[in-house]
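Below: the structure, in structure tokens.
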Amino acid sequence: MERLVTEVGAGELLIRAARREDLPFLVAMFAADALGGHGDTIDDDAAGDYLQAFERIEGSANDRLYVAELGGEVVGTFQTTLITSLSARGATNMTIEAVQTRPDMRGRGIGAAMIRYAVERAREAGARQVQLTSNLARVDAHRFYERLGFAKSHAGFKMKLR
């Protein structure tokens, strides 16, 4: 699904489903994120890992990987996952993950457009809420999410397995 979302900066922002040919651009964005600490790399040895992950996401009924395109260039990405829980009377929630805007394109409204797009997809899916996590060190990102209507509500916990 392709959809023109908004005018940003000097052009029209298109948010669409990610395609295999987008992978090098997405991986480069993640690898350039020193704060993320996820070990992303543009090394050719890792290409198979990214392709395998892309194929799992693409084949999932509940996961979607998107890109934001401006002037024919990939300038942002995010992923959504719908999770239905037995709690809250079987409510479905959307989790937004891996939100990235290319560093040279930040401050142009691209991230806000991506989040608004994700929230609209959640509404269309009948989700009860939208949730996301953000690294504690990303203070600017926290302000960004709060400006968009998100509220800090829970403490998150992680256990690294590898």
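The structure presented is a predicted model; accordingly, all values stated were derived computationally and were not measured. For the numbers below, each heavy atom of this structure counts, side chains included, while hydrogens, waters and symmetry mates do not.
No donor-acceptor pair under 3.5 Å is formed between the side chain of His142 and the backbone N or O of Ala137. The backbone N or O of Thr101 lies less than 3.5 Å from a partner atom in the side chain of Arg106, making a donor-acceptor pair. Between the side chain of Tyr50 and the backbone N or O of Ile42, no donor-acceptor pair lies under 3.5 Å. Side-chain atoms of Asp22 come within 3.5 Å of backbone N or O of Arg19 as a donor-acceptor pair.
Ile57 is not connected to Ile83 by any chain of hydrophobic side-chain contacts under 4.5 Å among Ile, Leu, Val, Met, Phe, Trp and Tyr, and they are in different clusters. Using a 4.5 Å cut-off between side-chain heavy atoms of Ile, Leu, Val, Met, Phe, Trp and Tyr, with links allowed through other members, Ile15 and Val67 fall into different hydrophobic clusters. No path of Ile, Leu, Val, Met, Phe, Trp and Tyr side chains, each step under 4.5 Å between heavy atoms, connects Val99 with Val27, placing them in separate hydrophobic clusters.
For Leu26 against Val74, the heavy-atom pair with the smallest separation is CD2-CG1, 4.0 Å. In terms of heavy atoms, Met114 sits closest to Thr77 at SD-N, 3.5 Å. The nearest pair of heavy atoms linking Leu70 to Gly11 is CD1-C, 3.7 Å. Taking all atoms of both residues into account, the shortest heavy-atom contact from Ala91 to Arg128 is CB-NE, 3.3 Å. Between Glu73 and Arg102, the shortest heavy-atom contact is OE1-NH1, 2.9 Å.
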Inset, instruction - Please test Glu146 against Arg143 for salt bridge (Lys or Arg N to Asp or Glu O under 4.0 Å), starting from the C-alpha separation and ending with a verdict. - result: CA-CA 5 Å; Glu146 288 169 343; Arg143 283 192 294 268; over 6 Å; no
Legend entry - Working for side-chain contact (heavy atoms from CB on, under 4.5 Å), residues Ile96 and Ile115: CA-CA 8 Å; Ile96 303 173; Ile115 297 298; 4.1 Å; yes
Inset, instruction - Check step by step if side-chain contact (heavy atoms from CB on, under 4.5 Å) holds for Val75 and Leu13. - result: CA-CA 9 Å; Val75 296; Leu13 185 71; 4.1 Å; yes
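Remark: the Thr81 side chain and the Asp63 side chain contain an N/O donor-acceptor pair separated by less than 3.5 Å.
The line from CZ of Arg121 to CE of Met94 is 8.0 Å long, rounded to the nearest 0.5 Å. Between the CD atom in Glu97 and the OG atom in Ser134 there is a gap of 10.5 Å [rounded to 0.5 Å]. Between Thr95 atom OG1 and Gln131 atom CD the span is 4.0 Å, to the nearest 0.5 Å. Remark: Asn93 CG to Ser87 OG distance equals 7.5 Å, nearest 0.5 Å. Here Phe150 contributes atom CZ and Gln129 contributes atom CD; the two are 10.0 Å apart, rounded to the nearest 0.5 Å. How far NZ of Lys158 is from OG1 of Thr133: 5.0 Å, rounded to the nearest 0.5 Å.
Within 6.0 Å of CZ in Phe25 there are 12 or fewer heavy atoms belonging to other residues, nucleotides or ligands. Annotation for Asp104: atom CG counts as buried by contact number, over 12 foreign heavy atoms lying within 6.0 Å. The neighbour count for Glu58 CD, taken as heavy atoms of other residues, nucleotides or ligands under 6.0 Å away, is above 12.
Residue pairs meeting the ring-ring contact (aromatic ring centres under 6.0 Å, His included) criterion with at least one member in residues 69-91, sequence neighbours excluded: Tyr66-Phe78.
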